[in-house]
Every structure is written in C-alpha cells, then in structure tokens.
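Reminder, nothing fancy here: chain letters follow the sequence lines and each chain counts from 1.
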Amino acid sequence: MAAVETVGKQLTLDYVPANEDIAELVNAQASLTDLPAYLLDFRPILMFDSIIIAIGNASTLARGRSFKSPSPRPTCVRW
Amino acid sequence: MTSPLQVGNYYAIAFDLGDMLLDRSYGGYLALNALTYFSMSDLNYQMLAESMGVRWWRSSPAVAVFGYKFETAYAGSIPTAIEPSFAHIDVARNVLSLQGDKDLRRAFALMAGGISSSWEKQAFEYFYNASGVSTVNIFEIAARGGVPIYRITSANADKIETLEIPATAREAIRNAVNQGLEVLVPARSLVIGNWTGVGWLVIDPTTGANAWMIGDDLGNVIHGGSGETYSQKEYYESRQPNSVENYVRNYQASDGDALKRRLSRYGNRVIDTSSPDYELGMGVADFMVSTAEFRSNSQSIAKKKEYLSERGRAGAYKKWANRYGDTPKGREYLAKFKESSRAAKAAYSEAKSLESFTSKAKWVKRGLGLLAAGLVIHDTYVKVKKDLEEGNKRNAAIDIAAGVAKIGAIAVLAGITASSLPAVALVVVASYAVDKGIDYATEWAKS
C-alpha cells in the first residue's frame with residue numbers, strides 16, 4: 001500500500017491475545033493488570049479502517065517493540 | 001429524524017447499530033486524536049505562512065503514532081507486572097518543503113516546530129481533560145521556575161555532563177551535539193503533574209530544521225508529547241465498577257472459590273467504596289486471598305491450565321455444535337463439547353484437591369516431625385539422666401547415640417516429598433518402625 005493511501009484514514013495497531021488459552025485467561029480477569037505479564041503472549045494486528053491487513057508474531061506482554069512507518073526521502077525541513 | 005444544519009458548515013454523520021466494533025470506537029478515538037493534531041498544526045502553519053510570506057507544502061506524508069503506554073515492572077529483562085500509564089503522541093516524521101526568503105524560511109521552520117510542540121501538549125488537554133507535556137511547555141515551566149535553559153554546541157559540550165536529567169536524554173543530546181547540531185535544554189528534570197522528565201530542542205544551524213524532544217525518568221525518549229498518568233487510569237477504572245461480583249471475578253481463575261462462597265451472601269450489590277467498613281472488609285479479603293494463594297503449587301497450576309484450555313475447547317465446540325445444528329457434524333461437536341466440559345470439570349476439581357491436600361499434608365508432616373523430634377529429645381534426656389544417676393556412663397553414651405540416630409531418621413523422613421495425606425501416613429508409619437528398630441538396637445547394645 002502506498003503511504004499516500006493512508007493519509008486521513010484510520011490506521012490502527014492493536015495487540016490481541018496470541019491464542020485461545022490466553023484469551024480465556026485474560027477474559028476471566030477484570031483487568032490485564034491482575035495477571036503476571038510474562039505469562040501472556042500477545043500478537044499485533046494492523047487495521048486499515050478497522051479491516052485487518054496484517055498480523056504479526058506473538059511476543060510477551062509489555063516487551064518493547066518498534067513500528068517502522070513508511071519514510072519517503074526527506075526534502076527541506078525536518079522536525 | 002431531522003438534525004439542524006447551517007449553510008456553509010461542515011458535518012460528519014455517524015451511525016451506530018449497537019454493535020460498535022472496538023476498533024471503530026476506541027481505535028477511531030485514537031486516530032481522531034492524531035488527525036486533530038495534524039489538522040490544528042497545519043491550520044496554524046498556514047496562518048503563520050500567510051503572515052510571513054512563506055509557502056509551505058508536504059511532498060511526503062507526515063506520520064504520528066498516538067497511543068497508550070503501560071508502566072512495566074521488570075525482573076531483570078522479564079516484564080512481570082503492568083500498570084496503566086499515560087497516553088502519548090510520537091511524531092515519527094513531519095517534513096515540510098518551503099519556498100520564500102532564506103531567513104524567513106529559517107524563522108518559519110523554527111516557529112512551525114514550536115507550533116507542533118505546542119499541539120503535542122494541547123491534544124491531551126482537549127481530548128482527556130488532563131495536563132499534557134511537551135517541549136515548549138517544559139521550557140515555559142523551566143523559565144517560570146527560574147531553571148536555567150542552556151544552549152549547547154560542540155564548543156561547550158562538557159556542559160552535558162552537568163545536566164541533572166535521565167541518562168537516555170543525556171545520551172540523545174550528546175549524539176545530537178556530536179553531529180554538529182545545537183541543543184537547548186533546561187539544567188534539570190522537571191516534575192509536571194505525575195510526569196517527571198526533561199524536554200529539549202535540537203536545531204540544525206544551517207537549515208533551521210529542528211526536533212522537539214521529551215524524555216521521561218523511565219527512559220522513554222519520544223519526538224512528541226505526553227499526557228498525565230491519571231488520564232489513562234481514569235479510563236480503565238471507570239470501566240470497573242467496585243462490586244463484590246467484580247472483586248470475586250478477579251480471583252475466579254486463581255484461588256478465589258472460598259472467598260467467593262464467603263462473599264456470595266452479599267449478592268451483586270455495588271458497595272460503598274468510601275466507607276471504612278469497605279476498607280476493612282477488602283483488607284481482610286485481601287489477606288484471605290493472599291493466604292489462599294500460598295496453597296497453589298506446580299501440580300495444581302498445571303491442572304488449572306488444563307482446565308482453562310478444556311473450557312476454551314468446550315466453548316468452541318459448543319459454538320460449532322450450534323452452527324451445524326442437528327446434523328451428523330453438529331452431533332459430533334455436541335459430543336465433543338460434553339466431553340471437554342466433563343474434562344474441564346474434572347481438571348478443576350483435581351486442581352482444587354491438589355491445592356488443599358498438598359497444603360494440609362505439608363503442615364501435618366511438619367507438625368508431626370516437630371512433635372516426634374520433641375518427644376525423642378525428651379525421652380533421650382530422661383534415659384540419659386537415669387543412666388547417669390545409676391553411674392552407667394556406657395548406657396548414657398548409647399542412649400545419646402540412639403537419640404541422635406532417631407533425630408537423623410526423622411529429618412530424613414521429613415525431607416521426603418509427600419503430596420497427599422496417605423503419603424504422609426506412610427512416612428509416619430516408617431518413622432514409627434525406625435524408632436522401634438533403634439530402640440531394639442539400643443537394648444541389644446546395652447545388654
């Protein structure tokens with residue numbers, strides 16, 4: 001998808017439980033904070049106007065990750 | 001249905017059929033935050049450009065990520081617990097192309113950067129009714145509080161070491177200065193609401209290109225702004241009414257059955273969280289739950305996991321059984337659903353029995369071990385005393401040796417892992433046999 005197609009659109013990245021067991025465990029709690037983070041694997045889903053366009057690999061909750069956005073050539077001024 | 005309109009205005013029309021997707025509502029809210037940030041920045045650029053006689057445009061899209069962060073506790077590098085933290089905006093890219101007088105272009109670039117930084121703060125004030133934090137706002141607070149703001153270049157780079165700021169921010173500033181850029185930064189970190197950190201401005205002296213950065217005391221460095229901690233907490237907490245039912249549900253997957261039974265008499269009433277009785281009640285309940293949690297062990301946890309996965313499977317089979325209805329496939333899934341439900345129920349009661357019995361067995365074993373050791377010591381003391389009164393040192397030595405052997409045997413037997421009451425009973429019988437054996441050997445040695 002060209003970067004320009006995303007302008008003004010709803011592009012969202014959400015994390016969902018990686019499998020049924022984890023989803024069950026998470027749903028049984030009132031809040032995610034009640035569970036030890038290292039037991040829970042989540043996978044990223046990228047949505048374009050609420051339609052899933054990509055699913056990523058699972059990793060432990062609260063681990064640091066980075067999102068690489070499209071970066072065309074810079075021109076004159078950057079901040 | 002009629003809604004008032006006015007000629008010349010701009011409207012968005014939204015429909016909600018009652019089954020709003022989470023991404024449409026919550027994701028849409030975040031996306032709206034990010035788009036508003038750009039809309040307002042662009043509007044202000046345009047007003048500024050018109051007043052300065054500069055033309056600006058974007059030859060490539062700007063990118064910003066608006067999101068929520070968790071505050072995470074780590075054991076080494078392993079995340080252990082999370083707490084709702086703050087909303088933030090990270091402007092990954094915002095590049096403008098400019099046309100006009102060289103000095104005016106440079107001035108415009110710097111002022112437009114300030115406008116963006118200002119909106120990185122204001123976005124949180126508009127959307128979350130919470131104080132926002134951005135570089136411009138940090139400079140303003142530093143200046144008002146008399147905190148010096150330094151201009152650092154390669155000529156006075158040693159100043160970087162004197163700054164009282166987070167290590168990650170210091171590293172980022174050092175890198176910028178090493179690349180020949182100029183940095184403006186307050187002398188120390190500032191506390192703004194629940195946020196502690198520093199903001200700094202990086203300027204390319206040749207082009208006027210600039211970056212407005214913030215870094216908090218947790219080591220996060222972003223190219224944007226942040227909301228206060230409580231803004232997200234309010235969002236989460238408002239979704240969780242303080243009812244007994246909710247409290248019980250928290251512990252349902254762990255060890256809360258006893259607690260649930262005790263609390264069920266209160267029904268699902270929402271309780272008054274401000275009352276001192278509530279505080280006391282929750283304190284007692286927390287203590288009970290923390291005691292109960294001690295009763296879990298690796299076997300029971302494994303069983304509980306089995307229970308959860310069986311329950312998950314049962315749910316899926318039920319769904320499929322309903323979908324296929326009264327067909328061979330539907331009946332097959334119905335049978336599987338029943339089987340999984342039974343297995344889940346069995347695993348659950350097994351997990352429960354493992355928990356309670358192990359805990360009882362452990363304490364029974366420890367208690368019996370201590371009692372037996374006490375009795376042996378007392379018995380040995382009486383025998384040795386009698387031997388010495390009779391002047392029979394040899395028998396006293398034999399009795400002492402027998403006592404030591406019995407204590408040793410008790411220690412060895414108490415160390416055996418017993419996972420149920422029958423196993424403990426076996427250990428007790430074995431202890432008794434060893435005790436009698438040593439008594440027999442002692443009498444033989446004496447004679």
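Neither the backbone nor the side chain of B/Ala34 comes within contact range of chain A, judged by heavy atoms closer than 4.5 Å. Neither the backbone nor the side chain of A/Leu40 has a heavy atom closer than 4.5 Å to any heavy atom of chain B. Heavy atoms of B/Val65 lying under 4.5 Å from chain A belong exclusively to its side chain.
Each of B/Pro79, B/Ser309, B/Gly315, B/Ala31 has some count of heavy-atom pairs under 4.5 Å with chain A, and the biggest count is that of B/Pro79.
Rounding to the nearest 0.5 Å places CG of B/Leu30 at 8.5 Å from OG1 of A/Thr12. Here A/Asp21 contributes atom CG and B/Arg311 contributes atom CZ; the two are 11.0 Å apart, rounded to the nearest 0.5 Å.
When the shell of 6.0 Å around CE of B/Met52 is examined, it contains more than 12 heavy atoms from other residues, nucleotides or ligands.
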